[in-house]
Enquirer: 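First, the structure itself, so that you have it in front of you.
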Amino acid sequence: MTITENIRKELQALVDSKYQEFHSALVPGTENILGVRIPQLRVMAKEIAKRDDWRIFVEATDTKFYEEAMLQGMVIGRSKTALDEQMKYVERFVPRIDNWAVCDIFCGELKTAVKKGKETVWQFIQPYLKSTQEFEIRFGIVMLLHYIDEGHIDLLLKYADSFCHDAYYARMAMAWMISICFVKFPEKTMEYLKHSKLDNWTYNKSLQKTIESLRVDKRTKDVLRSMKRR
């Protein structure tokens, strides 16, 4: 048995049919979901990343199930290798992302890569921010969540004004980013929203996501509601 086949067997032993039904509804269009919970995948990823043959697993292209791709992304994020090698695996993996869940979990796991070299990763994601592919640009935008800080906030808001994409998951990622920017930098983001060049759908969704935040007070939410574009 190959490492991929062994891991597939482990995954199949963890299947939860009720979770499969629940999670499938969250990721429409993805037909190959076994139904393994994310915490269990993280436990597996942690162990796989310790193995000498983890590279063979993440390089495998004969995967069949959603959870196998999710695991590959998690293992890349958790690998203890040098940053340049890690980013080569990231580059190989991104084109295989075909849903928001794998994208977002993968980006979250890459926080260790950002810690290894924040500026290197910043430069790496720039081309993805201009991609015409829905999940490539979503990858780039979700990675920007690692950069909502004093040194990057102005660049993020400037990028938001250049954003132009019709795909649903790309627009949702942008709205999510704006909402987190608002939570962390309310004054700057409010000023940005007053003059935003975002398309109306993404702009209004940004307001909605911000209003939904538990970290924004009622008075501010009322102001944001009044700013909705009709």
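All residue numbers in this chain count up from 1 along the given sequence. Just so we're clear, the structure is a prediction, and the values are computed from it rather than from any experiment.
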Enquirer: If you compare all heavy atoms of Arg78 against all heavy atoms of Ala45, which two are closest, and at what distance to 0.1 Å?
Expert: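 For Arg78 versus Ala45, the nearest heavy atoms are CD-CB, 3.9 Å.
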
Enquirer: Is the closest side-chain heavy-atom distance between Leu207 and Met227 below 4.5 Å?
Expert: yes

Enquirer: Kindly check if the number of other-residue, nucleotide or ligand heavy atoms within 6.0 Å of CD (Glu187) is above 12?
Expert: no

Enquirer: May I ask you to test the Thr189-Ile178 pair for a side-chain heavy-atom distance under 4.5 Å?
Expert: yes

Enquirer: Would Lys158 and Asp154 pass as an ion pair if we require N to O under 4.0 Å?
Expert: no

Enquirer: Hey, mind stepping through Ser24 and Gln20 against side-chain hydrogen bond (donor to acceptor under 3.5 Å, both in side chains) and telling me if it holds?
Expert: CA-CA 6 Å; Ser24 293; Gln20 191 275 341; 3.2 Å; yes

Enquirer: Check step by step if salt bridge (Lys or Arg N to Asp or Glu O under 4.0 Å) holds for Lys88 and Asp84.
Expert: CA-CA 6 Å; Lys88 286 178 183 176; Asp84 58 344; 5.4 Å; no

Enquirer: For Ala60 versus Thr4, what's the shortest heavy-atom pair and its separation?
Expert: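 Looks like CB-OG1, 3.3 Å.
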
Enquirer: Quick one: do the Tyr89 and Glu59 side chains pair a donor with an acceptor below 3.5 Å?
Expert: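 Side-chain D/A pair, Tyr89 to Glu59: present.
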
Enquirer: Would you say that Trp54 contacts Ile3 through its side chain, given a criterion of any heavy-atom pair below 4.5 Å between the two side chains?
Expert: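 Contact flag for Trp54/Ile3 side chains = no.
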
Enquirer: Do Lys116 and Gln86 meet the criterion of a side-chain donor-acceptor pair at a distance under 3.5 Å?
Expert: yes

Enquirer: Hey, is the main chain of Ala49 close enough, under 3.5 Å, to the side chain of Lys80 for a donor-acceptor pair?
Expert: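 No.
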
Enquirer: Side chain to side chain contact (heavy atoms under 4.5 Å, CB included) for Tyr66 and Leu34? Distances and angles first, verdict last.
Expert: CA-CA 7 Å; Tyr66 161 89; Leu34 285 170; over 6 Å; no

Enquirer: So for atom CZ, which belongs to Arg215, do other residues, nucleotides or ligands contribute more than 12 heavy atoms lying within a distance under 6.0 Å?
Expert: no

Enquirer: Go through the side-chain N and O atoms of Arg229 and Asn204 and say whether any donor and acceptor fall under 3.5 Å apart.
Expert: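 No.
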
Enquirer: Flag the pair Ile76 / Arg92 as yes when at least one side-chain heavy-atom distance between them is below 4.5 Å, and no otherwise.
Expert: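 Ile76 vs Arg92: side chains apart.
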
Enquirer: Could you report the tightest heavy-atom contact between Leu157 and Tyr192, atom names first, then the distance?
Expert: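 In this case the closest contact between Leu157 and Tyr192 is O-CE1, 3.5 Å.
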
Enquirer: For the rings on His152 and Trp122, is their centre-to-centre separation under 6.0 Å?
Expert: yes

Enquirer: May I ask you to test the His23-Arg37 pair for a side-chain heavy-atom distance under 4.5 Å?
Expert: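 Not touching, per the 4.5 Å side-chain cut-off.
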
Enquirer: Nearest 0.5 Å, please: how far is SG in Cys164 from CG in Leu198?
Expert: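 Rounded to the nearest 0.5 Å, the CG-SG separation comes to 10.0 Å.
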
Enquirer: Ignoring hydrogens, what is the shortest heavy-atom contact between Cys103 and Ile97? Give both atom names and the distance.
Expert: CB-CG2, 3.6 Å

Enquirer: Is the shortest side-chain N to carboxylate O distance from Arg8 to Glu67 below 4.0 Å?
Expert: no

Enquirer: Please work out which of the three classes, parallel, tilted or perpendicular, describes the rings of His165 and Phe163, given edges at 30° and 60°.
Expert: parallel

Enquirer: Looking only at the side chains, is there a donor atom on one of Lys9 and Gln12 sitting less than 3.5 Å from an acceptor on the other?
Expert: no

Enquirer: Does atom NZ of Lys118 have more than 12 heavy-atom neighbours, drawn from other residues, nucleotides or ligands, at distances under 6.0 Å?
Expert: yes

Enquirer: When rounded to the nearest 0.5 angstrom, what distance separates CE in Met174 from CG in Leu156?
Expert: 8.0 Å

Enquirer: Testing the basics here: between Ile125 and Gly140, what is the closest heavy-atom pair and its distance to 0.1 Å?
Expert: CD1-O, 4.2 Å

Enquirer: Val43 and Met70: same hydrophobic cluster, using ILVMFWY side-chain contacts below 4.5 Å?
Expert: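 Result: no, two separate clusters.
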
Enquirer: Can you tell me how far apart OG (Ser79) and CD (Glu85) are? Round to the nearest 0.5 Å.
Expert: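 Ser79 atom OG to Glu85 atom CD measures 7.0 Å (nearest 0.5 Å).
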
Enquirer: Could you grab the distance from atom CZ of Phe139 to atom CG of Asp104, nearest 0.5 Å is fine?
Expert: 11.0 Å

Enquirer: So, do Met44 and Leu71 sit near enough that their side-chain heavy atoms are less than 4.5 Å apart?
Expert: yes

Enquirer: May I ask you to decide whether Arg171 forms a salt bridge with Asp199, counting only side-chain N to carboxylate O separations under 4.0 Å?
Expert: yes

Enquirer: Can you measure from CG (Leu110) to CZ (Phe93) and round to the nearest 0.5 angstrom?
Expert: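 Separation between the atoms: 9.5 Å.
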
Enquirer: Is there side-chain contact between Leu145 and Cys107, with at least one heavy-atom pair below 4.5 Å?
Expert: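 SC-SC contact between Leu145 and Cys107 ruled out.
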
Enquirer: Checking Met74 against Ile38 for the side chain to side chain contact (heavy atoms under 4.5 Å, CB included) test, could you report, in this order, the C-alpha distance in whole Å, the side-chain angles of both residues, the deciding distance, and whether it holds?
Expert: CA-CA 10 Å; Met74 288 178 170; Ile38 298 297; 4.0 Å; yes

Enquirer: Set out, in order, the CA-CA distance, both residues' side-chain angles and the distance that settles side chain to side chain contact (heavy atoms under 4.5 Å, CB included) for Met143 and Phe106, then state yes or no.
Expert: CA-CA 9 Å; Met143 283 299 294; Phe106 182 49; over 6 Å; no

Enquirer: Test side-chain hydrogen bond (donor to acceptor under 3.5 Å, both in side chains) on Tyr169 and Asn99 and set out the steps.
Expert: CA-CA 9 Å; Tyr169 289 107; Asn99 63 78; over 6 Å; no

Enquirer: Give me the atom names and distance for the closest heavy-atom approach of Ala113 to Met87.
Expert: CB-SD, 4.2 Å

Enquirer: Hey, mind stepping through Phe65 and Ile33 against side chain to side chain contact (heavy atoms under 4.5 Å, CB included) and telling me if it holds?
Expert: CA-CA 6 Å; Phe65 297 108; Ile33 297 174; over 6 Å; no

Enquirer: I'd like to check Tyr147 versus Leu155 (side-chain heavy atoms, cut-off strictly below 4.5 Å). Are they in contact?
Expert: no

Enquirer: Side-chain donor-acceptor pair under 3.5 Å between Arg138 and Gln133, yes or no?
Expert: no

Enquirer: Rounded to the nearest 0.5 Å, what separation is found between the CD1 atom of Ile48 and the CD1 atom of Ile56?
Expert: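 Result: 12.5 Å between the selected atoms.
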
Enquirer: Taking NZ, NE, NH1 and NH2 as the nitrogens, is one of them in Arg219 or Asp217 under 4.0 Å from a carboxylate oxygen of the other?
Expert: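 Not counted as a salt bridge, because no side-chain N and carboxylate O are separated by less than 4.0 Å.
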
Enquirer: Check the side chains of Thr63 and Glu68 for a donor-acceptor pair under 3.5 angstrom, ignoring hydrogens and angles.
Expert: no

Enquirer: Sub-3.5 Å donor-acceptor pair from the side chain of Thr112 to the main-chain atoms of Gly77, do we have one?
Expert: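 Side chain of Thr112 to backbone of Gly77: a pair is present.
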
